[in-house]
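To start, the structure itself, in structure tokens.
Just so it is clear: chains get the letters A, B, ... in the order the sequence lines come, proteins before strands, and each one is counted from 1.
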Amino acid sequence: MRRVLVIDDDEDILAISRLSLERVGGWQVLTADSGERGIEIAARERPDAVLLDAMMPGLNGPATIERLKASEETSSIPVLFLTAKLQRPERQRYVALGAAGVIAKPFDPMSLAEQMATILDWER
Amino acid sequence: MPIKHSVKMSDVEERVERNRDGDDVAEQLAVLWRRHRPEAFARVRLLEQAIAALHAGKLSDAKCEAARSAAHKLRGSAGIYGFSIAGRIAGELEDALAGDRQVAIDRAAELGGLVAKLRSDLERESPRATSRPR
């Protein structure tokens, strides 16, 4: 079973993502409410992918992916950004930081897993 | 033709299963919205307080940042629950409250109107609670 780590400071988004990815995607979901906590969990659990909120207090999305990509333990884990601001400059910046893709907020809970699977080229 | 029949049944079963999953997710979303609703309205109140302070010429940087953060969170979550108008307005409010410059006092009425529309949209019954997403 695929394992996905969702990092977002909004508990509500974590709950919705869990519901969506578990029930619709059939995946196991790990959650972290901060970039710092997310890095710890990613290094320990080595999920198949990380869904990362771009704007968080403390360590924000870009700083979090930089650390994930800089660590040997987590550098190969694909990271998808989750953002309410989906303008081209932001998207380019995230891709330049090593993101595998970008998903817009708000997302449709019924198609979040499909969006992720398409970007990551996962068979469903 | 037994094979064709078997394929047909499995299609139907798959569709039924998918509908069941969809209904289940919609129900769970409705539960999450009921749980999240008080926090969403607390965020609306933060926005209303910030606009009131702007009206009075007393919008501090801290209050403005708290309101921007509240708008950002509503922008991300309202649409997921089916409140697309609230989500769009929250985005407009976040953009208006962000940036280095102080928000101009003459925008108070306009921004107050947006917050009122946002509240009104959120006061509807959750669209996700009454119909399946998709």
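- The residue from A:Ser17, A:Pro106, A:Ser20 that alone fulfils the side chain to side chain contact (heavy atoms under 4.5 Å, CB included) condition with B:Ile80 is A:Pro106.
- Residue A:Lys105 holds its NZ atom at 5.0 Å from NE2 of B:His72, rounded to the nearest 0.5 Å.
- Every residue meeting the side-chain hydrogen bond (donor to acceptor under 3.5 Å, both in side chains) condition with B:Asp95, not counting sequence neighbours, appears here in chain and number order: B:Arg75.
- Side chains of A:Met55 and B:Glu94 form a contact here, defined as non-hydrogen atoms less than 4.5 Å apart.
- Partners of A:Glu45 according to the salt bridge (Lys or Arg N to Asp or Glu O under 4.0 Å) rule, which considers only residues two or more places apart in sequence or in another chain, are A:Arg3.
- Considering CG of B:Asp24 and CG of A:Leu19, their distance stands at 7.5 Å, rounded to 0.5 Å.
- Using a 4.5 Å heavy-atom cutoff, the side chains of B:Ser77 and A:Ile13 are in contact.
- Within 6.0 Å of CZ on A:Arg67 lie no more than 12 heavy atoms contributed by other residues, nucleotides or ligands.
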Show me the donor-acceptor pairs within less than 3.5 Å that the side chains of residues 77-88 of chain A make with the rest of the protein, sequence neighbours left out.
{"residue": "A:Thr83", "atom": "OG1", "partner": "A:Lys85", "partner atom": "N", "Å": "2.9"}
{"residue": "A:Thr83", "atom": "OG1", "partner": "A:Lys85", "partner atom": "O", "Å": "3.1"}

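- With rounding to the nearest 0.5 angstrom, the CZ atom of A:Arg23 is 11.0 Å from the CG atom of B:Leu29.
- Residues of residues 39-69 of chain B having a heavy atom under 4.5 Å from any heavy atom of chain A, listed by number: B:Arg43, B:Arg68.
- Ion pairing between B:Arg35 and A:Asp12 fails under the 4.0 Å rule for side-chain N and carboxylate O.
- At most 12 heavy atoms of other shown residues, nucleotides or ligands fall within 6.0 angstrom of atom NZ in B:Lys117.
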